[in-house]
Asker: 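Just passing along the structure, written as structure tokens.
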There are 2 protein chains.
Amino acid sequence: MSDTREVEALRAELTARDYRITKQRMKIVAELASVRRYVTARELHARLARARAGVGLATVYRTLETLQAVGAASARPVARGEMGYLFCPVAHHHHAVCTKCGKVEDVPCRSAQKFERALEADLRFRLTRHSLDFFGVCARCS
Amino acid sequence: MSDTREVEALRAELTARDYRITKQRMKIVAELASVRRYVTARELHARLARARAGVGLATVYRTLETLQAVGAASARPVARGEMGYLFCPVAHHHHAVCTKCGKVEDVPCRSAQKFERALEADLRFRLTRHSLDFFGVCARCS
DNA sequence: GTCTCTGCAAAGGGTTTGCAACGCA
DNA sequence: TGCGTTGCAAACCCTTTGCAGAGAC
């Protein structure tokens, strides 16, 4: 799979931004990259604990924050006051989330941009950012 | 403004769904309807307190939950673990949020639906729901 | 009169933070 | 060696809940 390449790219990005490459960070990144759905910090922490990774929950939170800062993870509220995190190192795109298995497909942004341009003219809004998520049932779950 | 009409419609909807029309609920609805941006429960509670409305914070939370249940409010995480609520009684649409003043413009859904149909064919996803928000600077703030 | 709703305060629980030890660069 | 990072646990703080009284219908 392409996880390895993506993780390598992320490692370079972290270094470029003066973040240090620590064992804990890389374990968290590897685990997050291997799960192609939104996971909570607690869930990620539990997975790492199961793998005897010895990473603290606070470190998981801190790393997830770092990953968001470098644009390698996206966050979304998933339950009562709990956030879900997804590894998504690609520049800018959207997600189609399976409501049964949680699987996430990447969706390119082109069409949304077309929508956005029409909107700018209509509303006289200078748009800088948008957030778009689709929910449904993936091919396998159907 | 059209607040009054929307609030009246909501009152009917609440009655139809066997929710009771209480002074507190109506005060909360009126306040939320008069603020055309995402506000937190605490902020709403503070505004009501300032107006000597005498509504408890727990009631604000419970009412906001009720409003979401009847589809009259939408929620969005706005800060560290805090949710923002917006009065939006219209069936289904999207929002353009001004990042300066917080003002929210409604965006019709038609184009997004077109995008959605193309996506269903591409990904073989059976889509049931989507969430789309735009952020930028409104005409007045420019 | 019944049953929902409210207010208060306490509990709950996800997330953040302080600080000393650790370890990457 | 210096400074960013980690782990632990406590602190934080938004949100929910229990319960008795109030109020809508």
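Values reported hereafter were calculated over all heavy atoms of this structure, with side chains retained and with hydrogens, waters and symmetry mates removed.
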Asker: Between the side chains of B:Arg11 and B:Glu6, is the shortest nitrogen-to-carboxylate-oxygen separation below 4.0 Å, so that they form an ion pair?
Answerer: no
Asker: When you measure from the side-chain N and O atoms of A:Gln24 to the phosphate of C:dC24, is any distance below 4.0 Å, counting only OP1 and OP2?
Answerer: no
Asker: In whole angstrom, give the distance that lies between atom CG of B:Leu14 and atom P of C:dT4.
Answerer: 16 Å
Asker: To check you understand the geometry: which heavy-atom pair defines the closest contact between B:Met83 and B:Ala75, and what is its length?
Answerer: CE-CB, 3.8 Å
Asker: Can you tell me if B:Lys23 touches the phosphate of D:dA24, counting only side-chain N or O atoms and a distance under 4.0 Å to OP1 or OP2?
Answerer: yes
Asker: Please determine if A:Lys27 and A:Glu31 form a salt bridge, counting it only when a charged side-chain N lies under 4.0 Å from a carboxylate O.
Answerer: no
Asker: Measure CZ/A:Arg11 against C1'/C:dA25 and give the value in whole Å, please.
Answerer: 14 Å
Asker: Verify side chain to side chain contact (heavy atoms under 4.5 Å, CB included) between B:Arg37 and B:Glu43, making sure each step is shown before the conclusion.
Answerer: CA-CA 12 Å; B:Arg37 21 177 221 90; B:Glu43 187 178 345; 2.8 Å; yes
Asker: Starting from P on C:dT16, measure out to CD on A:Glu65 and report it in whole angstrom.
Answerer: 6 Å
Asker: Report the C-alpha distance between B:Leu44 and B:Leu64 in whole Å, list the side-chain angles of each, state the deciding distance to 0.1 Å, and finish with yes or no for side chain to side chain contact (heavy atoms under 4.5 Å, CB included).
Answerer: CA-CA 10 Å; B:Leu44 200 54; B:Leu64 288 170; 4.1 Å; yes
Asker: Starting at CG of B:Leu86, measure out to OH of B:Tyr38 and round the result to the nearest 0.5 Å.
Answerer: 5.0 Å
Asker: For the helix from C:dG1-D:dC25 to C:dA25-D:dT1, what angle lies between the axis at the first five pairs and the axis at the last five pairs, to 10 degrees?
Answerer: 50°
Asker: What's the CZ-P distance between A:Arg20 and C:dG23, to the nearest Å?
Answerer: 13 Å
Asker: Test A:Phe87 against every option in A:Val35, A:Ile28, A:Leu32 by the side chain to side chain contact (heavy atoms under 4.5 Å, CB included) rule and name the one that passes.
Answerer: A:Leu32
Asker: Check whether any side-chain N or O of B:Thr22 sits under 4.0 Å from OP1 or OP2 of C:dC5, and answer yes or no.
Answerer: no
Asker: Between the side chains of A:Arg25 and A:Glu65, is the shortest nitrogen-to-carboxylate-oxygen separation below 4.0 Å, so that they form an ion pair?
Answerer: no
Asker: Would you say B:Tyr61 ends up clustered with B:Leu48 if hydrophobic residues are merged whenever their side chains have heavy atoms under 4.5 Å apart, either directly or through other cluster members?
Answerer: no
Asker: Considering all heavy atoms of both residues, which atom of A:Val7 and which atom of A:Ala33 are nearest to each other, and what is their separation?
Answerer: CG2-CB, 4.1 Å
Asker: Could you tell me how far apart B:Tyr19 (OH) and C:dT6 (P) are, to the nearest whole angstrom?
Answerer: 12 Å
Asker: Could you state the CE-C1' distance from A:Met26 to D:dT6, rounded to the nearest angstrom?
Answerer: 14 Å
Asker: Starting at atom NE2 of B:His45, determine the distance to atom C1' of D:dT16, rounded to an integer number of angstrom.
Answerer: 15 Å
Asker: Find out if a path of hydrophobic residues (ILVMFWY) with successive side-chain heavy-atom gaps under 4.5 Å connects A:Met26 to A:Val39.
Answerer: yes
Asker: Name the pairs: protein N/O against N/O of nucleotides 18-21 of chain C, kept only if under 3.5 Å.
Answerer:
none

Asker: Do A:Tyr85 and A:Arg76 touch side chain to side chain, with heavy atoms closer than 4.5 Å?
Answerer: no
Asker: In whole angstrom, what separates B:Asp18's CG from C:dT4's P?
Answerer: 10 Å
Asker: For B:Thr15 and A:Arg25, find the nucleotide of DNA chain D closest to each by heavy atoms; which residue's nucleotide sits nearer the 5' end?
Answerer: A:Arg25
Asker: Mind listing the N/O atom pairs, protein and nucleotides 13-15 of chain D, below 3.5 Å?
Answerer:
residue, atom, partner, partner atom, Å
D:dC14, OP2, B:Arg42, NE, 3.3
D:dC14, OP2, B:Arg42, NH1, 3.0
D:dC14, O3', B:Gly81, O, 3.3
D:dT15, OP1, B:Met83, N, 3.0
D:dT15, OP2, B:Tyr61, OH, 2.2
D:dT15, O5', B:Tyr61, OH, 3.3

